[in-house]
Visitor: 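Pasting a structure here, questions to come.
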Amino acid sequence: MKIFDAHCDVLWQLWSDRKRQFTNDPHLHITMENLLRSNAKIQCFAIYVPENVPQEQRFLVALEMVDIFYKEIIEKHPHMKVLLSREDIDNLKDGEVGALLTLEGCDAIDQSLVKLETLYRLGVRSVGLTWNYSNAVADGVLEPRGAGLSSFGLEVVERLNVHGLWTDVSHLSIKGFWDVMEHAAHPIASHSNCRSLCDHPRNLTDEQIRALLQKDGVIGITFVPSFITEGPARIAHILKHIEHICMLGGEKQLGFGSDFDGITETVQGLSSYTDYPNLINALQKHYSVRQVEGFLYKNFTSYINF
């Protein structure tokens, strides 16, 4: 079965250690070899600029990660294809893996719509408004102030709407989430789980999940152990989050956003991308082929509008 993964941090790993190779580095959760071996079809690659980078250097760091994306991932691997439009997705051939460039947090653009437009022209097709803390767009979920979208943030969302891009609410403050529900045309949560099952601030409440579903949004179940359960996390715990979202009416609007290479601890049986078949086998014991194909690939791709 084809796999769409809505979030990983490979670009951050390659930027942090320039000696690492995307082809087959054993220290990475996701490599080209892993993707081909596991029937990957579309992988989202996040631009995440670390908090310790000074503000005046963040856009440059984002551009460095874009450069790594094209030089180290696309140019060196003929099977990897950049996805810029629905047409590109439809034209993917057997054996090819699509690569979607995303932005995790608008810290890199500061207060500049020109920088946002530049990243769009370079290939970014989904934008997470914050990481965990505040920026010029909004507050993140761990920012004590808990503010929503700024006036500049509203301008950012409007630009995303114009281009048909995803507005990603993962990491966003609660008030910011509700502002996005009011103003965004294409909201998603690329890597968040159910707060009613695991009371972590990065997870979404049932009310938030219902609102996202009503806005034709998609939620990517993530493999971050602390977002799944207390104590050691297993695939069975992931299935509980899937079942809960289905109970809320989200059977056709949920997928996966692993957060591979952004985590140090992993779910038992999901230590890297090559373990996706373990998840697929567990899904097939509880859901129909049509449902599993939706969770793995079709649900996210059905809501692509760019």
Side-chain angles (χ1 to χ4, degrees), residues 4-12 14-15 22 42-50 53 55-92 96-131 135-138 149-172 180 183-188 190 218 257 300-301 303-306:
F4 181 111
D5 188 313
H7 186 83
C8 80
D9 283 300
V10 173
L11 293 180
W12 170 62
L14 297 177
W15 176 83
F22 180 68
I42 297 177
Q43 178 63 52
C44 293
F45 293 87
I47 300 168
Y48 163 66
V49 180
V53 175
Q55 181 61 60
E56 64 272 15
Q57 297 178 24
R58 290 179 182 177
F59 186 63
L60 175 59
V61 169
L63 294 180
E64 290 174 350
M65 291 187 187
V66 172
D67 189 58
I68 289 170
F69 174 76
Y70 283 102
K71 285 184 177 178
E72 301 299 323
I73 294 177
I74 303 301
E75 294 178 10
K76 290 186 177 181
H77 304 95
H79 294 291
M80 187 70 77
K81 303 297 180 181
V82 180
L83 302 179
L84 301 177
S85 66
R86 159 65 66 180
E87 183 179 10
D88 291 338
I89 294 171
D90 294 339
N91 289 336
L92 279 175
E96 293 181 342
V97 180
L100 270 172
L101 195 57
T102 71
L103 180 64
E104 185 174 26
C106 285
D107 307 68
I109 69 170
D110 198 12
Q111 300 181 61
S112 171
L113 290 176
V114 171
K115 291 178 179 178
L116 178 65
E117 291 286 349
T118 299
L119 292 175
Y120 166 68
R121 292 185 176 96
L122 290 172
V124 167
R125 291 298 180 266
S126 178
V127 173
L129 300 184
T130 69
W131 193 60
N135 58 31
V137 168
L149 297 186
S150 64
S151 56
F152 175 67
L154 292 173
E155 292 183 72
V156 167
V157 171
E158 179 56 32
R159 288 293 182 95
L160 301 181
N161 291 345
V162 168
H163 293 306
L165 306 191
W166 282 335
T167 300
D168 187 356
V169 300
S170 289
H171 287 286
L172 191 58
V180 167
H183 296 283
H186 310 292
I188 67 163
S190 63
V218 189
F300 258 114
T301 57
Y303 288 90
I304 288 175
N305 301 282
F306 43 78

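We use all heavy atoms of the structure for the numbers below, so side chains are in, but hydrogens, waters and symmetry mates are not.
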Visitor: Look at the side chain of S170 and the backbone N and O of S190, then say whether any donor-acceptor pair between them is shorter than 3.5 Å.
Guide: yes
Visitor: Output the distance between atom CG (L160) and atom CG (N305), rounded to the nearest 0.5 Å.
Guide: 12.5 Å
Visitor: Under the side-chain contact (heavy atoms from CB on, under 4.5 Å) criterion, do I304 and W166 qualify, and how do the steps go?
Guide: CA-CA 8 Å; I304 288 175; W166 282 335; 3.5 Å; yes
Visitor: Not counting sequence neighbours, which residues clear side-chain contact (heavy atoms from CB on, under 4.5 Å) with L60? List them please.
Guide: E64
Visitor: Tell me, with the steps shown, if L113 and F152 meet side-chain contact (heavy atoms from CB on, under 4.5 Å).
Guide: CA-CA 9 Å; L113 290 176; F152 175 67; 3.8 Å; yes
Visitor: Checking N161 now: which residues fulfil side-chain contact (heavy atoms from CB on, under 4.5 Å) with it, not counting sequence neighbours?
Guide: V157, E158, A184, A185
Visitor: Taking side-chain hydrogen bond (donor to acceptor under 3.5 Å, both in side chains) as the definition, give me every residue that meets it alongside T167, ordered by chain and number, with sequence neighbours left out.
Guide: none
Visitor: Assess whether atom CD of E87 is packed by more than 12 heavy atoms of other residues, nucleotides or ligands within 6.0 Å.
Guide: no
Visitor: How far does CG of L103 sit from CG of L129, to the nearest 0.5 angstrom?
Guide: 9.0 Å
Visitor: Residues in salt bridge (charged side-chain N to carboxylate O under 4.0 Å, His left out) with D9, at least two apart?
Guide: none
Visitor: Any side-chain heavy atom of I47 sitting closer than 4.5 Å to one from L11?
Guide: yes
Visitor: Taking all non-hydrogen atoms of both residues into account, name the closest pair between E96 and N91 and its distance.
Guide: OE1-O, 4.3 Å
Visitor: Any idea which heavy atoms bring F59 and A108 closest together, and the distance?
Guide: CB-O, 3.2 Å
Visitor: Among pairs that include at least one residue of residues 97-113, which meet salt bridge (Lys or Arg N to Asp or Glu O under 4.0 Å), considering only residues two or more places apart or in two chains?
Guide: R58-D107
Visitor: Can you sort out the partners of H163 under ring-ring contact (aromatic ring centres under 6.0 Å, His included), two or more places apart, ordered by chain and number?
Guide: Y120
Visitor: For side-chain contact (heavy atoms from CB on, under 4.5 Å), just list the numbers for W131 and V49, CA-CA rounded to whole Å, side-chain angles, deciding distance to a tenth of an Å, and then say yes or no.
Guide: CA-CA 9 Å; W131 193 60; V49 180; over 6 Å; no
Visitor: Test of understanding: with side-chain contact (heavy atoms from CB on, under 4.5 Å), list the residues that count as partners of H77, not counting sequence neighbours.
Guide: F22, T23, M32, M80
Visitor: Taking ring-ring contact (aromatic ring centres under 6.0 Å, His included) as the test, write out the residues that go with W15, two or more places apart.
Guide: none
Visitor: Just verifying a value: how many Å separate L101 CG and I74 CD1, rounded to the nearest 0.5 Å?
Guide: 9.0 Å
Visitor: Give, for atom CG of N135 and atom SG of C106, the distance between the pair rounded to the nearest 0.5 Å.
Guide: 6.0 Å
Visitor: The criterion is salt bridge (charged side-chain N to carboxylate O under 4.0 Å, His left out); which residues satisfy it with D67, sequence neighbours excluded?
Guide: K71
Visitor: Are I109 and V156 side-chain neighbours, meaning at least one heavy-atom pair lies under 4.5 Å?
Guide: yes
Visitor: Give the intermediate values and the outcome of side-chain contact (heavy atoms from CB on, under 4.5 Å) for residues L14 and I73.
Guide: CA-CA 10 Å; L14 297 177; I73 294 177; 4.2 Å; yes
Visitor: Quick check: closest heavy atoms across L149 and A138, and the distance to 0.1 Å?
Guide: CD2-CB, 3.7 Å
Visitor: Going from CG on L63 to CG on L119, what distance comes out if it is rounded to the nearest 0.5 angstrom?
Guide: 6.5 Å
Visitor: Go through the structure and list residues passing side-chain contact (heavy atoms from CB on, under 4.5 Å) with C44, not counting sequence neighbours.
Guide: F4, L100, T102
Visitor: Just to verify, what does W12 make a side-chain hydrogen bond (donor to acceptor under 3.5 Å, both in side chains) with, not counting sequence neighbours?
Guide: S16
Visitor: Judged by atom type as modelled, is there a donor-acceptor pair below 3.5 Å linking the side chain of Y70 to the main-chain atoms of L122?
Guide: yes
Visitor: Going from CD1 on I42 to CD1 on I89, what distance comes out if it is rounded to the nearest 0.5 angstrom?
Guide: 4.5 Å
Visitor: Please give me the minimum heavy-atom distance between A136 and S150, naming the atom from each residue.
Guide: O-OG, 2.6 Å
Visitor: For D168 and S126, which heavy atoms make the closest approach, and how far apart are they?
Guide: CB-OG, 4.2 Å
Visitor: Write out all pairs satisfying salt bridge (Lys or Arg N to Asp or Glu O under 4.0 Å) with one or both partners inside residues 113-128, taking only residues at least two apart or from two chains.
Guide: E117-R159
Visitor: How about D88 and K81: do any of their side-chain heavy atoms sit closer than 4.5 Å?
Guide: no
